2 protein chains.
Amino acid sequence: MARTKAFEPEEKLEKAKCLFWQKGYSATSMQDLVDTMGLNRGSIYDTYGDKHSLFLQCLRSYTDSTFEDYQRTVAESKSPMKAVEKIIRRAALRTVAEGQTCMGVKSTFELASVDEEVHAILKENTTKMIAVLKDLLKKAQKAGEINSKRDPGTLANFIVSNFTGFWQFYLVYGDGELVQQQAEFLIKSIKK
Amino acid sequence: MARTKAFEPEEKLEKAKCLFWQKGYSATSMQDLVDTMGLNRGSIYDTYGDKHSLFLQCLRSYTDSTFEDYQRTVAESKSPMKAVEKIIRRAALRTVAEGQTCMGVKSTFELASVDEEVHAILKENTTKMIAVLKDLLKKAQKAGEINSKRDPGTLANFIVSNFTGFWQFYLVYGDGELVQQQAEFLIKSIKK
DNA sequence: ATTATTTTAGAATGATTGTTCCAAAAATGC
DNA sequence: GCATTTTTGGAACAATCATTCTAAAATAAT
């Protein structure tokens, strides 16, 4: 029999993900990937396919794991509105902690208008995220935690849309406190 | 004497701007620029400098002209809060009308973290935009158009931050009506 | 130890990257 | 018409791009 793989595909994918996240798709070269993944060209092509396919796998891995992170946050919360608050604070904190902007949003602005496969992944992720928030907001309204007059779907859009604003502000001002302040303001706006 | 320039530098810069706007900085090649500007390589380098310098001029031209557009909107308005409303609707409409996302925000996500010159232009532009809104909101509060309890600076940040959300949503869902609905929701939130 | 299969490193590929250079054409003022 | 200066098209450049290929090293089961 033949020899077995000498590396952990998922572990190396993680490294590629970080690189794409940092530099973006176009600005990342195959040589960059070879260097930071610590794999030779052949192994990359053999395991993940070409650059585009590798990027899709990285992006999918990113959106999946951040979605799981949000769901974990929901599970840990004591009430629907508390969960919404936690998610909003988490969105703000993630950027500060990671020192980077959400890879999904970065990819949206770089590729969504020209790459249909990337677009599909991002659309699905955004839609899932909105659905989770909409559901929580509905429950929060039923529980009397927030005003029932406003449409939960619109509110959910509003929240997700604001996350993107957090990330832009972090890129422009590099000020974590400002982003957290924005998060608190958003929470207040929802509660009204 | 020598012959005069056979082209209008500003007109050709406009073409370059559209291309960078559409494709982003990294994904635009010098050959693309030669083709769509209708200028030969030499003339481009001679008139605008290298690719990076050309991009900076395009970006500066974009941010300047959109800022002027917003200021015109303010001048046309009958009251401070009406001006804020107009600006918000205009931000949403621009995307739908142009079928594209704000070049400033696109560039922020592509380059702000790696290109200091680009970052400086974008930071200045964002800061100017926030200042205009903050000033309008202060006046609106004094005129009793909106509640005076909330900090105008925070509100201004909130508005600009939401614009980025509009543009992300337009990229993800390609739905102009949705974006306009978001704009109306934002206006309501400000008025409360 | 032998055989079979895969990893590995890096050479080779041809296309494209940004940039510079050159000779010829064009247009201006004399 | 002549001299001067720039535009112009495209050749030339070295570097880098994504991708493929090759041959040797490594590992597994027999």
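Everything numeric in this text was worked out from a predicted model, so none of it was measured. In what follows, chains are A, B, ... by sequence order, proteins preceding strands, each numbered from 1.
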Less than 4.5 Å apart, side chain to side chain, heavy atoms only: is that true for A:T47 and A:M37? no

A:K23 NZ to D:dC17 C1', straight-line distance once rounded to whole Å: 13 Å

Go through D:dA18, C:dG18, C:dT8 for me and flag the one nearest to the A:K51 side chain. D:dA18

Residue list, side chain to side chain contact (heavy atoms under 4.5 Å, CB included) with B:T36, at least two apart or on another chain: B:L19

B:L54 CG to C:dG18 C1': how many Å, rounded? 12 Å

Sub-3.5 Å donor-acceptor pair from the side chain of B:K12 to the main-chain atoms of B:I44, do we have one? no

Whole-Å distance separating the CG atom of A:D46 from the P atom of C:dT8: 10 Å

Can you name the salt bridge (Lys or Arg N to Asp or Glu O under 4.0 Å) partners of A:D32, sequence neighbours left out? A:K23

B:K12 NZ to D:dT8 C1': how many Å, rounded? 13 Å

Please report the distance, rounded to the nearest Å, between CG in B:L39 and C1' in D:dT6. 13 Å

Show me the donor-acceptor pairs within less than 3.5 Å that the side chains of residues 177-184 of chain A make with the rest of the protein, sequence neighbours left out.
from   : atom 1 : to     : atom 2 : distance (Å)
A:Q182 : NE2    : B:S161 : OG     : 3.3
A:E184 : OE1    : A:R89  : NH2    : 3.1
A:E184 : OE2    : A:R89  : NE     : 2.7

Nucleotide C:dT17, atom P - distance to CG of B:D50 in whole Å: 16 Å

Could you tell me how far apart B:I44 (CD1) and D:dG9 (P) are, to the nearest whole angstrom? 11 Å

Counting only side-chain heavy atoms from C-beta out, which of C:dT8, D:dT20, D:dT8 sits nearest to A:N40? C:dT8

In short, salt bridge (charged side-chain N to carboxylate O under 4.0 Å, His left out) pairs touching residues 59-73 of chain A with sequence neighbours left out are A:R60-A:E124, A:D69-A:R72, A:D69-A:R90

Taking only distance into account, with no hydrogens and no angle test, what donor-acceptor pairs under 3.5 Å do side-chain atoms of residues 136-145 of chain A form with protein atoms, sequence neighbours excluded?
from   : atom 1 : to     : atom 2 : distance (Å)
A:K139 : NZ     : A:D135 : OD2    : 3.1
A:Q141 : NE2    : A:N147 : O      : 3.1
A:Q141 : NE2    : A:R150 : O      : 2.8
A:E145 : OE1    : A:S79  : OG     : 3.4
A:E145 : OE1    : A:M81  : N      : 2.8
A:E145 : OE2    : A:S79  : OG     : 2.5

Can you list the residues that meet the side chain to side chain donor-acceptor pair (under 3.5 Å) rule with B:Q57, with sequence neighbours excluded? B:S53

Could you give all pairs that pass the ring pair (Phe, Tyr, Trp, His ring centres under 6.0 Å) test and reach residues 70-117 of chain A, with sequence neighbours left out? A:F109-B:F109

For DNA chain C, please output the secondary structure as dot-bracket, reading 5' to 3'. Pairs are Watson-Crick or G-U wobble, both atom distances under 3.5 Å; mark crossing pairs with [ ], other-strand partners with |, unpaired with a dot. |||||||||||||||||.||||||||||||

Taking only residues at least two apart or on different chains, which pairs with a member in residues 98-112 of chain A satisfy side chain to side chain donor-acceptor pair (under 3.5 Å)? A:S26-A:E110

Show me the donor-acceptor pairs, under 3.5 Å and distance only, between side chains in residues 113-121 of chain A and residues at least two apart or in other chains.
from   : atom 1 : to     : atom 2 : distance (Å)
A:D115 : OD1    : A:E117 : N      : 3.1
A:D115 : OD1    : A:V118 : N      : 3.1
A:D115 : OD2    : A:H52  : NE2    : 2.5
A:E116 : OE2    : A:H119 : ND1    : 3.2
A:H119 : NE2    : B:L171 : O      : 3.4
A:H119 : NE2    : B:V172 : O      : 2.9

Please give, in whole Å, the distance from D:dT8 P to B:M37 CE? 11 Å

Check the interface with nucleotides 11-13 of chain D: list each N/O to N/O pair with the protein under 3.5 Å, or write none.
none

Close residues, residues 25-34 of chain A, relative to DNA chain D [heavy-atom separation under 4.0 Å]: A:T28, A:S29, A:M30

